[in-house]
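Quick notes on the structure that follows.
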Amino acid sequence: MLKRTMAVGLALALALTAGSAAAQQCSIGAYADRDGTVGLFQPTEVQAFPVYVVLFSEDTINAAAYDIEFPDENSTLFVSGITYGPNASGINVITPGGNNVGLGECAIGFTGLPVVVTCYDVLVTAANPGGSINVLPNPDVDGDVTRPQYATCQGLVKPCDVGPSLTIEPPIATRSESFGAVKSLY
């Protein structure tokens, strides 16, 4: 009986250790929603749509360092506004290689909660062919420059994996003679 009890105790300890080690995974990606679930989006021409940079980590988070790549930026895709942090109370220090975002609070990422790092308001023109919005590492930070990083509320800086890209489909046209105009009404 003692051997079974010890075996069960050892198995439980190993399961808890493996669970906590697996829980330390982190990813940061671009999404079309705050929950980090929508990875494909078709915008309507000349109507702003949000692009969220969302971080998933079983940790407490108060800052993140990353870069973002928009397809065809400055010709058919325009960033019209940016807010930082889950409650839009954060700040950003832009470096030549990317963004260093202070969230303005200690955000909780435990149990798979998404942490909104940044929200970009984006406008698209009819000429946009679509493409992917990618989160990349910020090479201008100390430490691991091959991956994005985040800072815990305890002052530790940890690397994070690059998460999914947001795929933008060609926009729905809003010209009065197009089917997209009718479709955008519903």
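Predicted model, so just to flag it, every value in this text is computed and none were measured. Keep in mind that the numbers below use all heavy atoms, side chains included, and drop hydrogens, waters and symmetry copies.
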Common cluster, L113/Y84, ILVMFWY with side-chain heavy-atom separation under 4.5 Å: no

Working for side-chain contact (heavy atoms from CB on, under 4.5 Å), residues V115 and V54: CA-CA 6 Å; V115 176; V54 179; 5.8 Å; no

I28 to A64 - nearest heavy-atom pair and separation: CD1-CB, 4.5 Å

Main-chain N/O of P170 paired with Q42 side-chain donor or acceptor, under 3.5 Å: yes

Short side-chain to backbone donor-acceptor contact, S80 and D121, under 3.5 Å: yes

From OH (Y120) to CG (L77), nearest 0.5 Å: 12.0 Å

Over all atoms of both residues, closest heavy-atom pair of S89 and L103: OG-O, 3.9 Å

Closest heavy-atom pair and its distance - Y52, V116: CD2-CG1, 3.9 Å

Side chains of L123 and Q47 in contact at under 4.5 Å (non-hydrogen atoms): no

Closest non-hydrogen atom pair, P86 against A107: CG-CB, 4.2 Å

Check: E45/T125 side-chain N/O donor and acceptor closer than 3.5 Å: no

4.5 Å side-chain heavy-atom contact, D140 and P96: yes

Side-chain (E58) to main-chain (T111) donor-acceptor, under 3.5 angstrom: yes

Criterion side-chain contact (heavy atoms from CB on, under 4.5 Å) on L55 and C26, from CA distance to verdict: CA-CA 7 Å; L55 188 140; C26 172; 4.2 Å; yes

Nearest-0.5 Å distance that lies between atom OG in S57 and atom CD1 in I108: 11.0 Å

pair P148-V162: side-chain heavy atoms closer than 4.5 Å: yes

E169 side chain reached by L40 side chain, heavy atoms, under 4.5 Å: yes

Shortest non-hydrogen separation from V145 to P139 and the atoms involved: CG1-O, 3.6 Å

For N99, the option from N92, T118, N138 that meets side-chain hydrogen bond (donor to acceptor under 3.5 Å, both in side chains): N92

Backbone N/O of P137 and side chain of D67: donor-acceptor pair under 3.5 Å: no

Ring center gap for Y66 and Y150 short of 6.0 angstrom: no

Option among I168, N134, I133 that satisfies the side chain to side chain contact (heavy atoms under 4.5 Å, CB included) test with P71: I133

From C119 atom SG to R34 atom CZ, the distance as rounded to the nearest 0.5 Å: 7.0 Å

Side-chain heavy atoms of F41 within contact of T167, under 4.5 Å: no

Side-chain H-bond candidate by donor/acceptor type, T146 with D144, under 3.5 Å: yes

Hydrophobic cluster membership, I82 vs F49, 4.5 Å side-chain cutoff: yes

D59 side chain vs I61 backbone, donor-acceptor pair below 3.5 Å: no

Backbone of G98 reached by a side-chain donor or acceptor of T95 within 3.5 Å: yes

L136 backbone acceptor or donor facing R147 side chain under 3.5 Å: no

V124 versus P171, closest heavy-atom pair with distance: CG1-CB, 3.8 Å

Under 3.5 Å donor-acceptor, N62 side chain and E105 backbone: no

pair I91-V101: side-chain heavy atoms closer than 4.5 Å: no

T76 side, atom OG1; F70 side, atom CZ - distance, nearest 0.5 Å: 12.0 Å

Test item: T152 side-chain N/O and Q154 main-chain N/O as donor-acceptor pair under 3.5 Å: yes

